[in-house]
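Computed from a predicted model, the values in this text were never measured in an experiment. Position 1 is the first residue of the sequence, and the numbers go up from there.
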Amino acid sequence: MYKWVNNCNLSIVSRFGEKQDTEVFRVKKPNHSKKIVKQLKKEYKEDLEKSNSVKQETSVSAVVAPKEESKAEGSQASSEQGEEEMEVDSNDDQEEESEPRSNTGGSFSNTLSSLSVLRPGEIPDAAFIHAARKRRQLARELGGDLPPPEMEVGKKRLVREDEQGGSDEDEDEKRIVFSGVRQKTQRQKIAEEIGIEGSDDEALDAAGHDEELSRWEQEQIRKGISIPQVQTNQPEETNMYYQNSYEVQPYASSYGLPYSYSSVGGDDSKAKSDSSVTYCAPSSDLTPITTDLVKKRLTDRLSTVRQVHCSNAKRYGQIQEELEASVRTIQRLEGSSDAVADQYKFLQEMRGYVRDLLECFSEKVPLILELEAAMHQLLRQRASRLVQRRQDDIKDESAEFSSLSSKALMAPNLDSFGRDRGAYLEHAKQRRIAEREARRTRRRQAREQNGKRAEHHEGLSSDDEETSTDITSYNLERERILKESKKVFEDVLEDFHSLDTIKVHFEEWRRLYSACYQDAYIGLCLPKLFTPLVRLELMDWSPLEVDCRNFEYMLWFESLLFYGCEDQSKMQKGDVDVGLLPAIVERVIIPKLAVLADQVWDPLSSSQTARLVAFVHRLIKGYPTVLHGRNRNTQELLKTIVFRTRRTLDNDIFMPLYPKNALENKNSGPYLFFQRQFWSCVKLLGNILQWHGILSDATLRELAVDSTLNRYILSALQNTEPGEDSIEKSCSVVECFPQQWFSNLKGQQTIPQLENFCRYLKHVASTVYRISLAGSDVERRNAREQIKEVVKLLGRINALDHVIAIATEHGIKDIKTLLENK
């Protein structure tokens with residue numbers, strides 16, 4: 001069985017059927033409506049008003065007992081009425097509910113009864129505050145004035161029952177009626193705060209009147225007398241002057257008033273009522289004024305005025321100085337206003353000119369770069385054609401003298417139309433052979449006319465002869481590009497494409513306003529500004545050509561050579577304009593040289609290599625600030641040279657290997673092809689070593705000794721019969737090495753990369769000596785001379801350990817003389 005705290009009866013009805021057992025919860029609502037409850041409340045309110053009128057005539061002690069009895073009767077009557085209205089299944093539950101309510105009402109009545117006992121100034125406890133809140137809540141609900149504290153105990157049950165039954169009220173009955181609610185007066189609020197009975201009007205009137213009269217008297221006393229502010233715990237040194245001059249009298253004796261005043265107010269003022277402020281009574285006597293006192297005060301006043309005067313005088317002097325400085329500044333600015341105006345006008349003109357110049361260059365620079373790329377493409381095609389022809393000749397000769405080139409073993413090669421592709425290739429091969437032999441014949445005839453046939457070897461000459469058709473097409477394309485380059489600035493005013501005119505504008509800026517010129521960093525911008533015009537003039541320039549012009553004699557170089565040097569006295573150390581030409585060389589010349597070295601230069605061409613090396617040496621000597629290892633463009637140029645050389649070693653060098661019997665006939669094709677390839681390798685070795693002083697020694701030794709000598713030349717020497725021919729070839733190889741490699745060596749050994757070559761020379765000397773033992777005296781004498789030549793070669797490369805070994809083995813005594821004559 002469930003117990004409900006709500007003011008409704010719960011009945012449990014159990015129904016037992018034939019097939020199932022169920023329990024049904026049924027709630028019975030009260031029989032009386034809410035209107036009857038409101039009417040009861042109204043009657044109860046009238047009873048309370050009657051009791052209040054009785055309370056005014058009787059004392060407080062006599063009223064307590066009847067109130068308790070009436071309260072008990074009221075609660076009993078209400079409980080009996082509730083028993084009649086509601087149905088409860090068990091009487092025990094009703095008794096359990098009524099007992100805590102009666103206990104709560106008793107404790108609450110005790111609290112309410114204490115409201116009248118609270119004295120003024122006493123701090124209420126939590127129970128008192130709770131009772132006061134409940135009383136005000138009940139007053140608001142009833143819509144009238146506050147009920148007396150004694151009667152609120154009996155109403156507590158009604159208020160609680162009303163709250164509990166409020167959840168079942170209808171929507172229209174839940175609305176609060178404000179028509180009967182009246183605001184409390186100020187007097188009633190004060191009475192509630194200090195604990196005076198709300199229904200005791202006479203007590204409120206008397207207490208309010210006494211309070212107002214007391215407050216008014218205190219305010220009038222404060223206005224009538226001047227009371228100094230008193231601080232607690234003041235030091236003894238303060239007010240010494242006044243203590244000596246006045247006699248302290250209490251206010252009680254002077255004015256007949258209490259010495260301390262209590263603040264009157266609400267709850268906050270009550271909490272502070274225990275603390276009081278003490279005021280000192282001023283003395284009625286005044287300090288006597290003497291001549292010394294007046295003199296002292298005048299002296300102090302005079303010193304104060306003098307100090308103020310001194311400070312004002314100093315400030316006046318400062319203001320005068322600032323005024324003079326301002327006047328001078330105004331005069332200086334007025335005098336320089338014309339110059340500033342002229343400078344502003346000039347700078348605005350330069351701004352417009354530079355803007356137009358940049359707009360012109362932004363349109364023309366792509367055309368210049370396109371023409372420059374077309375010229376490089378033309379040069380690359382010609383160089384590639386010559387290299388491809390040389391590679392085809394090497395392949396043809398190698399296939400011709402190879403044992404695998406037998407026509408009987410070759411299968412037919414047909415194209416998509418059934419034609420023999422081999423016949424076409426053979427016809428092209430025969431044409432190339434005829435052209436190659438014709439070129440060699442013409443070169444041989446040219447050497448005979450110059451008297452250089454005896455000292456020349458097949459393979460040392462560069463096969464760079466072109467046909468008339470190739471020369472004609474090259475010249476036509478070159479002329480077309482040059483004509484297009486002259487039309488680039490055809491529609492532009494001279495002020496925007498002439499180096500001299502552009503230079504004049506910036507020179508005037510530098511001469512007139514040098515500080516502004518430097519602040520704008522014009523010296524750093526000029527190389528980039530002049531670059532397009534320099535590129536246009538260097539369109540057909542190539543240091544690999546025979547008739548290449550020196551760029552230092554071109555118009556752009558002569559025009560910019562003396563830029564910024566019109567007044568030597570004004571030039572400062574570290575002036576950026578001094579490096580204008582080196583900066584242009586770094587921006588234009590070196591990148592163009594790198595492109596030519598990568599696409600046009602042929603490392604197997606001795607003439608091109610000699611021209612390129614000579615030009616780089618001239619740049620190093622003339623522009624040391626540009627061509628050094630830390631410059632980015634210089635590093636790119638050197639990397640390009642090394643890369644192009646390695647590509648030639650991999651693609652253009654071929655050393656055939658034939659048996660010795662195939663090389664016995666010195667007029668046979670294999671012998672001539674072998675000799676031509678050998679001397680081509682020696683020529684490449686010499687071309688590589690021409691870069692000594694430009695490339696590092698480690699890079700040169702890797703390219704020349706490891707990749708060329710030990711890989712190609714040494715294998716060909718070992719395939720050569722030891723004797724005069726092998727010694728001559730070895731001498732040509734040694735002549736290519738730079739002597740700086742061996743001049744600084746310490747000890748008796750040469751560089752490690754040449755150790756294989758030294759062992760080969762030692763083997764040649766031993767073989768020659770062994771062959772000469774079975775010959776005549778003339779042959780032995782020739783062999784001894786050949787051995788001495790070997791000793792000289794070893795001495796030139798500082799292989800002294802091998803020299804001593806050969807001299808000891810073959811009995812050569814004049815080693816020192818041989819080494820001195822090497």
Side-chain angles (χ1 to χ4, degrees), residues 368-390 462-464 466 470-471 473-475 477-482 484-485 531-554 556-557 582 584-623 626-627 631-649 651-652 684 687-688 690-691 693-695 699 703:
I368 296 174
L369 296 178
E370 183 180 355
L371 293 174
E372 187 179 25
M375 180 62 72
H376 291 163
Q377 178 70 17
L378 179 63
L379 296 174
R380 182 173 64 254
Q381 289 177 357
R382 186 178 68 169
S384 299
R385 187 168 54 250
L386 295 177
V387 171
Q388 186 64 36
R389 187 181 67 184
R390 182 176 62 241
S462 299
D463 189 8
D464 53 0
E466 297 180 276
D470 295 339
I471 295 174
S473 61
Y474 170 78
N475 291 333
E477 182 66 17
R478 180 173 176 271
E479 291 177 0
R480 184 192 69 80
I481 294 174
L482 294 178
E484 293 292 334
S485 64
T531 294
L533 302 177
V534 176
R535 285 180 178 274
L536 188 63
E537 193 169 351
L538 292 173
M539 186 66 64
D540 60 338
W541 175 80
S542 175
L544 302 177
E545 302 292 335
V546 180
D547 53 351
C548 176
R549 295 177 298 167
N550 189 353
F551 72 90
E552 293 182 350
Y553 295 106
M554 293 183 177
W556 66 268
F557 192 90
I584 294 177
V585 170
E586 179 184 359
R587 283 179 169 272
V588 181
I589 300 297
I590 296 180
K592 187 177 183 66
L593 200 63
V595 173
L596 295 176
D598 182 46
Q599 301 178 2
V600 182
W601 173 52
D602 183 12
L604 278 172
S605 176
S606 299
S607 58
Q608 290 186 4
T609 304
R611 298 188 194 104
L612 184 60
V613 170
F615 181 76
V616 173
H617 276 293
R618 189 164 65 250
L619 287 180
I620 294 174
K621 184 178 180 180
Y623 305 91
V626 177
L627 271 81
N631 187 274
R632 181 173 57 85
N633 293 329
T634 303
Q635 291 178 359
E636 292 295 328
L637 173 61
L638 299 180
K639 289 179 182 178
T640 302
I641 292 171
V642 173
F643 178 77
R644 182 68 183 90
T645 304
R646 287 175 177 169
R647 193 170 62 190
T648 300
L649 287 170
N651 300 332
D652 296 339
L684 179 61
N687 293 341
I688 294 174
Q690 287 186 35
W691 293 101
I694 300 174
L695 299 177
T699 304
L703 292 174

**OP:** Could you tell me the separation between the CG atom of L371 and the NE2 atom of H376, rounded to the nearest 0.5 Å?
**Re:** 11.5 Å
Subject >> From L684 atom CG to S605 atom OG, the distance as rounded to the nearest 0.5 Å >> reply: 11.5 Å
Original post:
How close do M375 and R478 get, heavy atom to heavy atom, and via which atoms?
Top reply: CE-CG, 4.0 Å
Original post:
Only one of R385, R390, R389, R382 clears salt bridge (Lys or Arg N to Asp or Glu O under 4.0 Å) with D602; which?
Top reply: R390
Subject >> Close side-chain approach of Y474 to D470, heavy-atom, < 4.5 Å >> reply: no
Original post:
Closest heavy-atom contact between V600 and Q608?
Top reply: O-OE1, 3.8 Å
Original post:
Considering only heavy atoms from C-beta outward, does the side chain of M554 approach that of L538 to under 4.5 Å?
Top reply: yes
Original post:
Distance only, no hydrogens: is a donor on one side chain within 3.5 Å (strictly under) of an acceptor on the other, for W601 and T609?
Top reply: yes
Subject >> Shortest non-hydrogen separation from S485 to L536 and the atoms involved >> reply: O-CD1, 3.6 Å
**OP:** Give, for atom CD1 of I481 and atom CD of E370, the distance between the pair rounded to the nearest 0.5 Å.
**Re:** 10.0 Å
Subject >> Cationic N near anionic O, under 4.0 Å, D598 to K639 >> reply: no
**OP:** List the steps and the verdict of side chain to side chain contact (heavy atoms under 4.5 Å, CB included) for L612 and L593.
**Re:** CA-CA 9 Å; L612 184 60; L593 200 63; 3.7 Å; yes
Subject >> T640/V595 under side chain to side chain contact (heavy atoms under 4.5 Å, CB included): CA gap, chis, key distance, verdict >> reply: CA-CA 8 Å; T640 302; V595 173; over 6 Å; no
**OP:** Apply side chain to side chain contact (heavy atoms under 4.5 Å, CB included) to the pair E586 and Y623, showing each step before the final yes or no.
**Re:** CA-CA 9 Å; E586 179 184 359; Y623 305 91; over 6 Å; no
Original post:
Is it true that D652 and R647 make a salt bridge, defined as a side-chain N closer than 4.0 Å to a carboxylate O?
Top reply: no
Subject >> Note, K592 side chain near W541 side chain (heavy atom, < 4.5 Å) >> reply: yes
Subject >> Residues R644 and T648: side-chain donor-acceptor under 3.5 angstrom >> reply: yes
Subject >> Side-chain donor/acceptor of N475 to backbone N/O of I471, under 3.5 Å >> reply: yes
Original post:
In Å and rounded to the nearest 0.5 Å, what is the CG to CD distance from D540 to E372?
Top reply: 11.0 Å
**OP:** Answer yes or no: is there a donor N or O on one side and an acceptor on the other, between the side chain of T645 and the main chain of L703, under 3.5 Å?
**Re:** no
**OP:** Among L619, L596, V616, find the residue that satisfies the side-chain contact (heavy atoms from CB on, under 4.5 Å) test when tested with P543.
**Re:** L596
Original post:
Any side-chain heavy atom of I584 within less than 4.5 Å of one from F557?
Top reply: no
Subject >> E552 atom CD: more than 12 heavy-atom contacts under 6.0 Å >> reply: yes
Original post:
So, for V585 and P591, which heavy atoms are closest and what is the spacing to 0.1 Å?
Top reply: O-CD, 4.5 Å
Subject >> Spacing of L637 atom CG and I589 atom CD1 [to the nearest 0.5 Å] >> reply: 12.0 Å
Original post:
What's the spacing between I641 CD1 and I694 CD1 if we round to 0.5 Å?
Top reply: 6.5 Å
**OP:** May I ask you to decide if Y553's main-chain N or O and N550's side chain share a donor-acceptor pair within less than 3.5 Å?
**Re:** no
Subject >> V626 and N633, any side-chain heavy atoms less than 4.5 Å apart >> reply: no
Subject >> Minimum-distance pair of heavy atoms, taken over all atoms of R611 and E545 >> reply: CD-O, 3.5 Å
**OP:** Give the ring-plane orientation class for F551 versus W556, where under 30° counts as parallel, over 60° as perpendicular and anything between as tilted.
**Re:** parallel
Subject >> Minimal non-hydrogen separation, S606 against N687, with atom names >> reply: OG-OD1, 3.3 Å
**OP:** May I have the step-by-step check of side chain to side chain contact (heavy atoms under 4.5 Å, CB included) for R535 and L369, ending in yes or no?
**Re:** CA-CA 8 Å; R535 285 180 178 274; L369 296 178; 4.2 Å; yes
